[in-house]
Q: 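For reference, the structure I am asking about is given below.
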Amino acid sequence: MRNIKRATDRAGKRIYYKVAAIITVAALFCVHGYTAAAAEGEMQLYAQAAVLMDADSGRILYGKNPEEKLPMASTTKIMTCILALEYGNPEDIVEVSSYAASMPKVKLYVKPGEKYYLRDLLYSLMLESHNDSAVVIAEAVGGSVEQFAAMMNQKARDIGCFDSYFITPNGLDAKVNESGKVHSTTAADLAKIMAYCVTDSPEKERFLEITRTQGYDFADVEGKRSFHCNNHNAFLGMMQEALSGKTGFTNNAGYCYVGAVESEGRIFTVALLACGWPNNRSYKWSDMKKLAAYGMERYQYRDIYEEQKFSDILVRNGIAGEEGTPFEEAHVSVTLQAEEKSLPYLLCETDQVEVKSRVESVLDAPVDEGAQVGTVSYYLNGELIQSYPVCTDSTVEKRSFLWILEYIIKLTFFL
């Protein structure tokens with residue numbers, strides 16, 4: 001009986017330990033699963049494509065399908081606005097064509113033959129997103145919608161956006177049948193275009209003034225009709241850091257948004273494409289807040305510039321200064337050519353910066369002053385972000401038979 005009892009006890013302990021082990025593993029799995037899900041949930045986005053960008057450098061700080069080409073609806077109008085500001089005159093009087101008046105709503109309901117100041121239609125464009133105003137602007141600035149679209153595409157290329165194709169100035173879905181091209185962009189391109197509008201464009205201040213205006217009143221040139229525009233960019237009231245933005249929607253594109261936030265000298269741009277369909281209008285605000293908070297919490301400016309010192313470089317067959325002899329080695333000093341001794345860059349804790357120098361060890365005479373003999377390159381996470389030239393500080397002449405002969409004559413007669 002004792003043996004049976006001992007066997008029963010041992011079996012019971014084995015079962016106890018197995019159950020305890022299973023419970024422990026399950027608990028650990030649950031905790032890990034919860035933590036992973038929570039971490040993943042912090043950046044779960046509704047948008048089909050999204051980008052958070054450092055507006056200063058153009059670096060993508062977070063991306064979800066950043067290169068996927070998608071329609072962008074009325075976010076198109078940031079390009080229309082900045083082109084009109086850069087190439088048009090806000091005081092110009094523009095006339096409404098029958099084509100412009102035929103645009104579908106949302107619209108100002110302008111009438112053929114009416115005349116407006118260009119500046120007033122820019123508020124109509126950006127605050128109320130009026131499709132007819134966009135066409136009036138395009139025809140006035142570009143001569144026609146087609147010519148204005150060509151300007152939009154060229155501007156996109158100038159900015160560095162090569163995956164965008166503009167057909168309409170208002171963002172209405174469109175396709176060029178013969179080429180099959182569709183009015184579309186990527187989240188990466190759209191964020192870059194917004195970055196240009198708020199940081200690099202010579203008209204950035206006027207762009208910000210227009211897009212941040214809450215309400216605007218105007219009339220046609222003859223004063224027969226008056227209008228009031230309200231800003232429909234609700235995000236301006238959701239975060240104190242909100243700087244600018246533009247909403248968009250078509251049945252094909254879904255809800256879209258492109259915006260900019262500014263905090264402690266940092267400017268972030270966010271682009272959201274295909275961010276839900278009715279009745280999910282608020283999805284874009286959720287994604288926008290999430291990405292803006294991600295950028296502001298994780299990224300800070302850090303000066304990554306490092307002072308560089310270089311040894312003088314041997315110059316073969318060179319004359320060692322004004323009093324040099326044929327038996328002296330010539331050397332030339334070099335300096336890093338950087339206008340400012342600082343390189344501020346937006347970084348997070350996990351970013352890795354590496355500085356690599358490449359400078360010639362020997363040169364052949366003659367050597368010109370200011371000749372580039374090397375580079376100092378800065379890499380962020382293995383990608384080149386900045387390169388400075390290393391140049392000579394002076395000229396080194398080449399030894400010649402005539403110079404040696406003159407040296408011998410001087411040595412002979414002036415000893």
Side-chain angles (χ1 to χ4, degrees), residues 51-61 72 74-92 117-129 133-134 137-138 140-142 148 151-161 164 166 169 171 185 187-214 216 229 231-233 235-236 239-248 257-272 288 291-292 295-296 299 301 340 344-346:
V51 155
L52 168 70
M53 179 174 286
D54 168 20
D56 182 39
S57 67
R59 177 188 173 202
I60 295 177
L61 307 178
M72 62 287 210
S74 285
T75 59
T76 296
K77 291 176 175 125
I78 65 170
M79 178 65 92
T80 302
C81 182
I82 205 66
L83 278 177
L85 289 172
E86 290 182 359
Y87 295 98
N89 182 348
E91 300 307 314
D92 280 350
Y117 288 104
L118 180 62
R119 65 168 184 268
D120 295 333
L121 294 184
L122 290 175
Y123 286 91
S124 165
L125 175 81
M126 299 304 290
L127 273 57
E128 293 278 0
S129 200
S133 295
I137 292 167
V141 176
F148 189 78
M151 293 173 64
M152 297 171 86
N153 289 317
Q154 182 59 55
K155 191 66 177 184
R157 291 189 291 271
D158 293 343
I159 294 171
C161 302
S164 298
F166 293 93
T185 190
D189 276 5
L190 188 57
K192 188 177 290 187
I193 293 169
M194 175 56 92
Y196 172 80
C197 291
V198 299
T199 63
D200 294 330
S201 171
E203 297 297 336
K204 63 184 178 183
E205 296 301 331
R206 284 203 290 179
F207 179 87
L208 288 170
E209 179 185 349
I210 292 170
T211 57
R212 293 176 62 80
T213 297
Q214 289 300 317
Y216 186 78
C229 295
N231 197 326
H232 288 266
N233 179 16
F235 187 71
L236 290 176
M239 290 183 70
Q240 64 178 6
E241 298 87 357
L243 183 63
S244 180
K246 184 71 189 73
T247 57
Y257 187 71
V258 60
V261 295
E262 182 176 20
S263 171
E264 299 175 351
R266 304 162 297 170
I267 297 180
F268 303 93
T269 56
V270 174
L272 304 169
M288 182 68 195
L291 285 167
M296 290 187 291
Y299 287 87
Y301 272 110
E340 296 183 8
Y345 219 84
L346 207 57

Q: For residues 259-272, please give each side-chain donor-acceptor pair under 3.5 Å, one per line with the distance, not counting sequence neighbours.
A:
{"residue": "S263", "atom": "OG", "partner": "R266", "partner atom": "NH2", "Å": "2.9"}
{"residue": "E264", "atom": "OE1", "partner": "R266", "partner atom": "NH2", "Å": "3.4"}
{"residue": "R266", "atom": "NE", "partner": "S263", "partner atom": "O", "Å": "2.9"}
{"residue": "R266", "atom": "NH1", "partner": "M296", "partner atom": "O", "Å": "2.9"}
{"residue": "R266", "atom": "NH1", "partner": "Y299", "partner atom": "O", "Å": "2.5"}
{"residue": "T269", "atom": "OG1", "partner": "A191", "partner atom": "O", "Å": "3.1"}

Q: Quick one: closest heavy-atom pair of R206 and P90, and the distance?
A: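 In this case the closest contact between R206 and P90 is NH1-CG, 2.6 Å.
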
Q: How about E91: does its CD atom have over 12 heavy atoms from other parts shown lying under 6.0 Å from it?
A: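 Counting neighbours around CD of E91, more than 12 heavy atoms of other residues, nucleotides or ligands fall under 6.0 Å, so yes.
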
Q: In Å, rounded to the nearest 0.5 Å, how long is the span from CG of D120 to OG of S133?
A: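 Answer for the CG-OG pair, D120 versus S133, is 10.0 Å.
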
Q: Kindly compute the distance separating CE (M126) from SG (C229), expressed to the nearest 0.5 Å.
A: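 Rounded to the nearest 0.5 Å, the CE-SG separation comes to 12.0 Å.
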
Q: So if I apply the side chain to side chain contact (heavy atoms under 4.5 Å, CB included) rule between M79 and each of M152, M194, K246, M72, which one comes out positive?
A: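 Only one of M152, M194, K246, M72 forms a side chain to side chain contact (heavy atoms under 4.5 Å, CB included) with M79, namely M152.
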
Q: What closest approach, in Å, do G142 and F148 show between heavy atoms, and which atom pair accounts for it?
A: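 Looking at all heavy atoms of both residues, the closest pair is N-CD1, 4.0 Å.
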
Q: Check whether any side-chain N or O of D189 sits under 3.5 Å from a backbone N or O of S164 as a donor-acceptor pair, and report yes or no.
A: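 Checking the backbone N and O of S164 against the side chain of D189, a donor-acceptor pair under 3.5 Å is found.
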
Q: Looking only at heavy atoms, what is the nearest atom pair of A242 and F235, with distance?
A: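 Closest pair (atom of A242, atom of F235, distance): CB-O, 3.6 Å.
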
Q: Looking only at non-hydrogen atoms, find the nearest pair between F207 and C81 and report the distance.
A: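 Minimum heavy-atom separation between F207 and C81: CD1-SG, 3.9 Å.
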
Q: Give me the atom names and distance for the closest heavy-atom approach of G171 to T76.
A: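 Heavy-atom minimum between the residues: CA-OG1, 3.4 Å.
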
Q: Could you check if a side-chain atom of V51 sits within less than 4.5 angstrom of a side-chain atom of L190, using non-hydrogen atoms only?
A: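 No, too far: nothing below the 4.5 Å cut-off.
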
Q: So how far is it from D92 CG to I137 CD1, rounded to the nearest 0.5 Å?
A: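 So the gap between those two atoms works out to 12.0 Å.
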
Q: Out of curiosity, R59 CZ to L346 CG, how far, rounded to the nearest 0.5 Å?
A: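 CG of L346 is found 7.5 Å from CZ of R59.
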
Q: Hey, does the side chain of K77 reach the backbone of S129 with a donor-acceptor pair shorter than 3.5 angstrom?
A: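 Yes, K77 side chain to S129 backbone: donor-acceptor pair under 3.5 Å.
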
Q: With a 3.5 Å distance limit and no angle check, can you tell me whether R212 reaches the backbone of L243 through a side-chain donor-acceptor pair?
A: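 Yes; at least one donor-acceptor contact below 3.5 Å.
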
Q: Using side-chain heavy atoms (C-beta onward) and a distance below 4.5 Å, is V258 in contact with I193?
A: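 No, too far: nothing below the 4.5 Å cut-off.
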
Q: Which heavy-atom pair separates S244 from V198 by the least distance, and what is that distance?
A: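 Heavy atoms of S244 and V198 come nearest at CB-CG1, 4.2 Å.
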
Q: Compute whether any side-chain donor of one residue and acceptor of the other, for Y345 and D56, lie under 3.5 angstrom apart.
A: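 No.
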
Q: Do the non-hydrogen side-chain atoms of M288 and M239 ever get within less than 4.5 Å of each other?
A: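 A side-chain contact is absent here, since even the closest heavy-atom pair is not under 4.5 Å.
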
Q: Side chain of T80, backbone of P169: donor and acceptor closer than 3.5 Å?
A: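 A pair under 3.5 Å: yes.
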
Q: So how far is it from E128 CD to Y123 OH, rounded to the nearest 0.5 Å?
A: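 Output value for this atom pair is 14.0 Å.
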
Q: I need the K204 NZ to I82 CD1 distance, nearest 0.5 Å.
A: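 Going from the NZ atom of K204 to the CD1 atom of I82 covers 10.5 Å.
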
Q: In sequence, state the C-alpha distance, the side-chain angles, and the governing distance for D54 and Y301, and then conclude on side chain to side chain contact (heavy atoms under 4.5 Å, CB included).
A: CA-CA 11 Å; D54 168 20; Y301 272 110; 4.1 Å; yes

Q: Check for a donor-acceptor pair, side chain of N231 on one end and backbone N or O of T211 on the other, with a separation under 3.5 Å.
A: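 Side chain of N231 to backbone of T211, a donor-acceptor pair under 3.5 Å: yes, one is there.
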
Q: Indicate yes or no for a side-chain donor-acceptor contact from N153 to the backbone of F166 under 3.5 Å, with no hydrogens or angles considered.
A: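 The answer is yes, because a donor-acceptor pair under 3.5 Å joins these two groups.
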
